[in-house]
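Here's the structure we're looking at; comments come further down.
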Amino acid sequence: MLPRAFAGLGSAHEGVKHWWLQRVTALLLIPLIVWFVIGLVVHTGADHAAVTIWLRSPVTYGLMLVLLAAAFWHGSLGLQVVIEDYVHREWCKLALILLAKAACLGLFVAAYISLTIIAFAGSGNG
């Protein structure tokens, strides 16, 4: 949580928390994306079985889940800021924020299910 000195600042009384969450997820994504790109390069040309064995590793699977969660959470936070800044009708703003959050959650769930299927229902090797 944020220090008490930052609590309740801003007109919505939650802007500082939102700002910090965006920065934290951005910082978390930097090493995760570097790790992911290195993993893609290392597995360039590898067959399906080799990639599923890599994804089945607990460390790889866990890091991939954290990457997906951080990416969709960061995207949701960013979409919320854009909507709050550029949509001026309150009912429309609320509807779009809820839709964006639902879409990000739905896409994360789809990515989680896809990752799990690829990693554990893939090739029988490993």
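Note: hydrogens, waters and symmetry copies are ignored here, and every other heavy atom, side chains too, is used.
With contacts defined as side-chain heavy-atom distances shorter than 4.5 Å, the pair I113/I117 qualifies. With a 4.5 Å cut-off on side-chain heavy atoms, H88 and K93 do not count as touching. Contact annotation: the side chain of V81 approaches that of Q22 to within less than 4.5 Å [non-hydrogen atoms, C-beta and beyond]. Looking only at side-chain heavy atoms (C-beta outward), L68 and Y112 stay at 4.5 Å or farther from each other. Taking 4.5 Å as the limit, some side-chain heavy atom of W35 sits within range of a side-chain heavy atom of M64. I118 has its side chain out of reach of V51: every pair of non-hydrogen atoms, C-beta onward, lies at least 4.5 Å apart.
In this structure, the separation between CG on L79 and CD on E84 is 11.0 Å, given to the nearest 0.5 Å. Here the straight-line distance linking atom OG1 of T25 with atom CD1 of I30 works out to 10.0 Å at 0.5 Å rounding. Of the inter-residue distances, the one linking R89 atom CZ with L96 atom CG reads 12.0 Å to the nearest 0.5 angstrom.
The shortest non-hydrogen separation linking P31 to L27 is CD-O, 3.0 Å. G75 and C104 make their closest contact through C-SG, 4.3 Å (heavy atoms, listed as atom of the first residue, atom of the second, distance).
The hydrophobic cluster containing L65 also contains L63, counting ILVMFWY residues as joined when their side-chain heavy atoms lie under 4.5 angstrom apart, directly or transitively. L67 and V37 fall within the same hydrophobic cluster, defined by Ile, Leu, Val, Met, Phe, Trp and Tyr side-chain heavy atoms under 4.5 Å apart, directly or through other members. The hydrophobic cluster containing L115 also contains L107, counting ILVMFWY residues as joined when their side-chain heavy atoms lie under 4.5 angstrom apart, directly or transitively. V66 and W54 fall within a single hydrophobic cluster, where Ile, Leu, Val, Met, Phe, Trp and Tyr side chains are chained together by heavy-atom contacts under 4.5 Å. Side-chain heavy atoms closer than 4.5 Å link hydrophobic residues (I, L, V, M, F, W, Y) into clusters, and following such links, even through other members, never connects F108 to V24.
For R56 (side chain) and A119 (main-chain N/O), a donor-acceptor pair under 3.5 Å exists by modelled atom type. Looking at S57, its side chain never comes within 3.5 Å of a backbone N or O of I53 through a donor-acceptor pair. Using a distance-only test at 3.5 Å, with no hydrogens or angles considered, a donor-acceptor pair links the side chain of H43 to the main chain of G39. With S76 contributing its side chain and K101 its backbone, the two residues share no donor-acceptor pair below 3.5 Å.
Not counting sequence neighbours, F36 has no partner by the ring-ring contact (aromatic ring centres under 6.0 Å, His included) test.
Counting only residues at least two apart or on different chains, no side chain to side chain donor-acceptor pair (under 3.5 Å) pair has a member in residues 63-73.
Heavy-atom neighbours of Y61 OH from other residues, nucleotides or ligands within 6.0 Å: above the threshold of 12.
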